[in-house]
Structure formats: structure tokens, C-alpha cells
Amino acid sequence: MTVSLCIIARNEENTVGKLLEQVRSQSFPKTQTELVLVDSSSKDNTKSIFQSFAEENRKDYLAIQILDNSGSNQASGWNTAIKNAIGDVILRVDAHAEIPDNFIANNAALIESGENVCGGARPCKIDEPTPFREMLFLAESSMFGSSIAGYRRKQEGKRYVSSLFHGAYRREVFAKVGGFNQDLGRTEDNELHYRIRKAGYRICQSSDIISYQHIRHTLSGMLAQKFGNGKWVGLTLGVCYQCLSSFHFVPFLFVLTLICSLAVAATGILWQLPVMVLPFAVLLGLYALADIAMTVLAIVSAPNKHPVQVLLPLVFFLLHIAYGIGTLTGLLQLPFWKLTRDGSAQKEIEEVKRCVIEKRRENGTGNDHQQ
């Protein structure tokens, strides 16, 4: 079995060098590993780091490709990698990630056991820890601050999930369902995995597999990330509402309820203000109780305690507001955004399918694994 490890990067000179060193340390045979390194118009030294690594290590690997992402987002970068990869298994890793030495080997073993799509947990890590960054890490690691997605936390054993982050896919999966939808920004994984499940494949998450993602270093960066995530949830409703769960809309409903409660309270200013403000007060009161409870749980579980962690309730609130406002923004933009879609994304999905089938024939791997 050969594995194509694909890395998509844009302006990641501070992290991609370390990731490539971890790639070099993998226990899976290098002669069975292809590296597909895709640069997305980086303005820093990301591409030169790719090139230097390839020059120094090309002879050790099955192949190393350095490609340019001609599109404008991560989905187009993944499609570029998939169309050019030659391995039996295509394995995705984000450039802002870390992987243990057995990452490729454990994914390959699970695929060889009969799975078609697999992966593992992807918890967060901190770069150069400080008390404030550790506090942000607590917020991002908490279900209350991020999401209930199973890939965010390690769980023992093997189970089947609706989506995962750093996934390994048999080549036949892309030959059947095509590539990523390039119309989508942050939700391209959800949409692809929905099509994969719809095609009859199961997505396996195993506790033997783990990778790590670096959190945003600043509160402003984290809020911008949450706003973007929420916005793409709103926009994705116009493409594939089935690939979203009700949990994606909890922050939006919270924000919407706050807005409606404030509006109701404003209408009662002159005659029955105490009664009209009541719904707003009850909502904030219930939220405050949940916020404080989740903060206590997060701090209790924290290996290091620091006074700055008292800011967690405020950080949780701001993250939820940013995500909810993002979703509201996406929903408001949705009718206009849909007018900009020209069908090219669907054509690219089919083009990926065609390229994968063609590569499979070129490499003499026409006999696909049967489910």
C-alpha cells in the first residue's frame, strides 16, 4: 500500500518546517510514501521551505510533488492535491498541525483492515505557552467554547462518525464522490463527508490515531475564526443543509434570542418595562449560570492555574456572540452569494473524479477495494 500525504499551506513558515520534520520521522516506509505539498500563494517563505525539504529528501520517498493552488481557498488546494496524488490512500494534514511518528502507519493499518475513510482525534496545542494563551486554550478545548465534534477530543476505541479533520481516504472514495466543493470556505469538510456517507461509505475514528492543531494566539484572532466559522455555516445552508447539524446553529439562536428580547424590551420602555425586560433577564441569567459552570469545569481540569482564567466567562460569551453574529451575517448574505455561484465548483468536483480515475488507470490500480 502506498500513501500520498497531502499538506496545503498559506503563509505557514512558522509551523510548516516543524511539521515536515515530523513527516520525516514517520515510521511508515518512506519508499511507500508520496508527499504532495501545495502552496496557496504564500507571501512568506512557505514555498521555499517546501522546496528545500524536497531537494534534501526526494531520493528517500516514493515521490515528492510541490504544486501551486490556483484557486482562492483551501478546498481548491485539496482538490489540486487529490488530482495529482498517486498513492492508494490519500491522507490530509493541515499545515498548522503536528503529527506523532506513527500517524501515517496507524492510518494505513486501519485502511488495510478494511476501512475506506478513517482518522482520529485532533485536539488543540499551544505555541509558546503563556498564562493568557493557556486561558484561550481552555476556552477552545471546552465543548462550551468550541463544539461537540468528536474529532476535537480523544475517545477510546473505534467508532463511526459523521465527519473528521485529518482524514485518510482510499483513492476509490474520490473516484466515486469527486472532490471538495470550492464554493465553500470553512465547511468544505462537512459537505464532502456528507457526500461520502451518502455514497455508502462509513467514516471511522480510532483512538490509535491522533494529530494536533495549533490554536489562535490572540483573542482577536480566535474571535475572527469563530465569526468566519459561523458565517460559512449560514452560507452552507444554501448548498447542503443536510451536512449541518442543529448544534451548528446554537450560537445563532442565542444571538437571535438576545436581539429579539432586546427588541421586546425596547417596545415596553414607556409602559411596562419590568415585564418586557423579563425574557431578556431570564435568558442572560440562565446563560450566566451555564457559563460559570463550564468555566469552573475548565479550570478544575486545567493542569496550570492562573488568575487570568477568571476571564473565561467573558471569553466564552464573546466566542458565542462572534459565531452567532457570523451565522446571522452568512444568512443575510446568502441570497446574494448564491447569485455569484456559476456552477464551476460542481464541474471541479467532477474533474477531480475524472483525474483520480485516470491516475488509477495509469498506475495500474484499476481493481478497487470492494466495500
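Position 1 is the first residue of the sequence; numbering continues from there. It should be emphasised that the depicted structure is a prediction, and the values quoted were computed from it without experimental measurement.
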Are the side chain of [X] and the backbone of [Y] linked by a donor-acceptor contact shorter than 3.5 Å?
X	Y	answer
Q22	I99	yes
N79	G179	no
Q309	N304	yes
T187	N190	no
T340	F336	no
R186	Q225	yes
H166	S211	no
S4	A85	no
S301	A298	yes
Q205	L164	no

Looking at [X] and [Y], does any basic side-chain N land under 4.0 Å from a carboxylate oxygen?
X	Y	result
E140	K226	yes
R354	E351	yes
E115	R170	no
D183	R341	yes
E13	K47	no
K347	E350	no

If I compare all heavy atoms of [X] with all of [Y], which pair ends up nearest, and what's the gap?
X	Y	answer
Y160	C204	CE2-CB, 3.7 Å
I126	R133	CG2-CB, 3.7 Å
A108	F28	CB-CE1, 3.7 Å
I86	T2	O-OG1, 4.3 Å

Any heavy-atom pair between the side chains of [Y] and [X] that's under 4.5 Å?
X	Y	value
V38	D68	no
H96	L19	no
I7	L37	yes
V3	D88	no
L62	L35	no
L244	T236	yes
M222	L319	yes
C118	I111	yes

> After noting the C-alpha distance and the side-chain angles of K83 and E348, does the key distance pass the salt bridge (Lys or Arg N to Asp or Glu O under 4.0 Å) rule?
Replying inline: CA-CA 10 Å; K83 286 190 291 185; E348 181 64 14; 2.8 Å; yes

> Of all residues at least two apart in sequence or in a different chain, which pass the side chain to side chain contact (heavy atoms under 4.5 Å, CB included) check with E112?
Replying inline: M1

>> So, using side chain to side chain contact (heavy atoms under 4.5 Å, CB included) as the criterion, who are the partners of S40 when residues are at least two apart?
In response: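 Scan of S40 (side chain to side chain contact (heavy atoms under 4.5 Å, CB included), adjacent residues dropped) gives I8, R10, N69.
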
>> Counting only heavy atoms not in K305 (residues, nucleotides, ligands), do more than 12 fall under 6.0 Å from its NZ?
In response: yes

> Do the numbers put K176 on top of the ring of Y201, so that NZ or CZ is under 6.0 Å from the six-membered ring centre and no more than 45° off the axis?
Replying inline: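 Flagged: K176 positioned over aromatic ring of Y201.
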
>> When you measure from the centre of the six-membered ring of Y212, is the NZ or CZ of K125 closer than 6.0 Å and no more than 45° off the axis?
In response: yes

Any donor-acceptor N or O pair under 3.5 Å, side chains [X], [Y]:
X	Y	result
E12	T15	yes
N73	Q182	no
R24	N57	yes
S42	D39	yes

> Between F254 and Y287, does the ring centre distance come in under 6.0 Å?
Replying inline: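 F254 vs Y287: aromatic centres under 6.0 Å.
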
> Would you call the rings of Y169 and F174 parallel, tilted or perpendicular, where under 30° means parallel and over 60° means perpendicular?
Replying inline: tilted

> What is the ring orientation for F252 with F249, classed by angle as parallel under 30°, tilted 30 to 60°, or perpendicular over 60°?
Replying inline: perpendicular

> What's the verdict on ring pair (Phe, Tyr, Trp, His ring centres under 6.0 Å) for H306 and F132, showing C-alpha distance, side-chain angles and the deciding distance?
Replying inline: CA-CA 9 Å; H306 195 276; F132 187 78; over 10 Å; no

> What's the verdict on side chain to side chain contact (heavy atoms under 4.5 Å, CB included) for Q26 and T33, showing C-alpha distance, side-chain angles and the deciding distance?
Replying inline: CA-CA 10 Å; Q26 292 296 299; T33 304; over 6 Å; no

